2 protein chains.
Amino acid sequence: MAKSKKDNNTEQQILNAARQVFLEKGLSGARMQDIADKAEINKAMLHYYFKNKELLFETIFQETAGKLFPHFDKLMDSDLNFFDKIRSIVSSYIEMVSQNPYLPLFVISELNKNPEIGLKHFFEKQRPGFVKKFKESIEESINSGLILPINPIHLIINMFSMCAFPFMAKPMLKIITGIEEEQFNILMEQRKVLVAEFIINSIKK
Amino acid sequence: MAKSKKDNNTEQQILNAARQVFLEKGLSGARMQDIADKAEINKAMLHYYFKNKELLFETIFQETAGKLFPHFDKLMDSDLNFFDKIRSIVSSYIEMVSQNPYLPLFVISELNKNPEIGLKHFFEKQRPGFVKKFKESIEESINSGLILPINPIHLIINMFSMCAFPFMAKPMLKIITGIEEEQFNILMEQRKVLVAEFIINSIKK
DNA sequence: CCATAAATTAACCAAATGGTTAACAAAGCT
DNA sequence: AGCTTTGTTAACCATTTGGTTAATTTATGG
């Protein structure tokens, strides 16, 4: 069956275009016209499918923020040992960010300019999930003498810092270290194991 | 002596106001009117002292980016041992960011939206400085058997990740961990020593 | 003290930008 | 087919926004 004129296709084109533009330019930097152009539709269509810029943005933000901490819940429930959980999270997280390089900076940046949107949307629900489980897992590992004592929050922060930051700071890192695109990708690939071992090395007894 | 009407005061008021607004909202989010209001002057004065928005922004960006890697050059030249250099850099860097919480996110964010401004301005000069020295210092420490082998770039990335990221991600961290302002500040204070020890613990032989 | 330059303001302007309208085309339905 | 709903477009509108102008005030220096 040939695809009918709508097929709800337009809405997807808009969302794809909006995702690209918003992630790259942010809310204030994005232009509705740019989104329309990239979606190859009339600007009026944007307002036909999404009431206004804010609503369109929130749709994208919500979708995007939802990808920030993917399947970590399940991962924490798995029967992997503590170190393997770290290895698994680090590796899959860096892979995810490699695939969506703008994602962390976008969410963090918009959240800074307007902290309310975080509360309003998805975070509330996801919060307790994996962070709580991770904390418990860390505490258990400390109590069982597997790792040195450390405030779980610091450990979590350290992990996500080393996973996400390099991608956010990529243009800066390229300048101050003098590396190029290809070399950067190699480094990020290495970090999938390096970061986990760096952490484990630091906390193991 | 009473302060005369100008005193080149106005220019400073503008710069202070522009700094606040740009750091908080970014280039595209900043409004010239907001800057004028905050500086308590007429909007036309902005264009009297600074040709246009771009020029004013670049002035602020240059000044701000210049603070990103402060006196690390001297620090690397000091006769501190390698571990103490790490302790010193981490501590002073976190202190600097505590004092200028918007700084890293601002520079990184604007650099992402417009990578050219980095090259144009200050980075070129500062680049070789401390990064090169730091790399040499790391290599030397590896060769002398003080620390385990690691690609110096990774070590540098890890260090700045753990120093800067928490401040950039503050609103997100507050949401997913449930901590409040006060607790956040305590954690960041702790990180001045914690991060350094975390690193040292991981690489020491 | 006056003439000149520097600083400041209010009013204005043009372009950019988010958003709307009204007419038209396509699909769906009976 | 004919009527209604949905999708799409071009033209238009109102506001925001960066920027300018011309007139006014304030300093400065001979």
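Computed from a predicted structure; not experimentally measured. Throughout, protein chains are lettered first and strands after them, A, B, ... in sequence-line order, and every chain is numbered starting at 1.
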Visitor: Measuring to OP1 and OP2 of C:dT8, would you say a side-chain N or O of B:Y49 lies under 4.0 angstrom away?
Guide: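 Affirmative; the distance criterion is met.
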
Visitor: What is the distance from CG of A:L55 to P of C:dG18, rounded to the nearest Å?
Guide: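 For the pair A:L55 CG and C:dG18 P, the rounded distance is 15 Å.
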
Visitor: Rounded to the nearest Å, what distance is computed from the CG atom of residue A:N9 to the P atom of nucleotide D:dG7?
Guide: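 It is 12 Å, rounded to the nearest whole Å.
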
Visitor: Of the listed nucleotides (C:dG19, C:dA6, D:dG19), which one gets closest to any side-chain atom of B:K53?
Guide: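 For B:K53, the side-chain atoms sit closest to D:dG19.
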
Visitor: Under the side chain to side chain contact (heavy atoms under 4.5 Å, CB included) rule, what do B:N158 and B:I199 come out as? Steps first, then yes or no, please.
Guide: CA-CA 8 Å; B:N158 288 352; B:I199 294 171; 5.7 Å; no

Visitor: Round to a whole Å and report the spacing from CZ of A:F50 to P of C:dG19.
Guide: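 Atom CZ in A:F50 sits about 13 Å away from atom P in C:dG19.
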
Visitor: How many whole angstroms separate atom CG of B:N52 from atom C1' of D:dT17?
Guide: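 Result: 14 Å.
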
Visitor: Just the rounded figure in Å: distance from P of C:dT21 to OH of A:Y48.
Guide: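 Distance check: A:Y48 OH to C:dT21 P gives 15 Å.
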
Visitor: Which residues, if any, of residues 25-44 of chain A bring a heavy atom under 4.0 Å of DNA chain D?
Guide: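 When residues 25-44 of chain A is checked for heavy atoms under 4.0 Å from DNA chain D, the hits, listed by number, are A:N42, A:A44.
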
Visitor: In whole angstroms, how far is the C1' atom of C:dT8 from the CD1 atom of B:I14?
Guide: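 Interatomic distance, CD1 of B:I14 to C1' of C:dT8: 11 Å.
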
Visitor: Partners of A:N114 by side-chain hydrogen bond (donor to acceptor under 3.5 Å, both in side chains), sequence neighbours excluded?
Guide: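 Not a single residue meets the side-chain hydrogen bond (donor to acceptor under 3.5 Å, both in side chains) criterion with A:N114.
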
Visitor: Determine: side-chain N/O of B:H47 to OP1/OP2 of D:dG19, distance under 4.0 Å, yes or no.
Guide: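 Answer yes for this pair, as a side-chain N or O of B:H47 is under 4.0 Å from OP1 or OP2.
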
Visitor: Kindly say if A:T10 contacts the phosphate of D:dG7, meaning a side-chain N or O under 4.0 Å from OP1 or OP2.
Guide: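 Indeed not, no polar side-chain atom of A:T10 lies that close.
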
Visitor: Identify the two heavy atoms, one from B:F83 and one from B:I147, that lie closest to each other, and give their separation to 0.1 Å.
Guide: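 Closest pair (atom of B:F83, atom of B:I147, distance): CE2-CG2, 3.6 Å.
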
Visitor: Please list, chain by chain and in numerical order, all residues satisfying salt bridge (Lys or Arg N to Asp or Glu O under 4.0 Å) with A:E197, sequence neighbours excluded.
Guide: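 A:E197: salt bridge (Lys or Arg N to Asp or Glu O under 4.0 Å) contacts with A:R87.
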
Visitor: Could you check how far NZ of A:K51 sits from C1' of C:dT21, rounded to whole Å?
Guide: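 Going from A:K51 (NZ) to C:dT21 (C1'), I get 14 Å.
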
Visitor: Is it true that A:K174 and A:E180 make a salt bridge, defined as a side-chain N closer than 4.0 Å to a carboxylate O?
Guide: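 Judged by the 4.0 Å cut-off on N to carboxylate O distance, A:K174 and A:E180 do not form a salt bridge.
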
Visitor: Classify the side-chain pair B:D37/B:Q33 by whether it contains a donor and acceptor separated by less than 3.5 Å.
Guide: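 Judged by distance alone, the side chains do pair up.
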
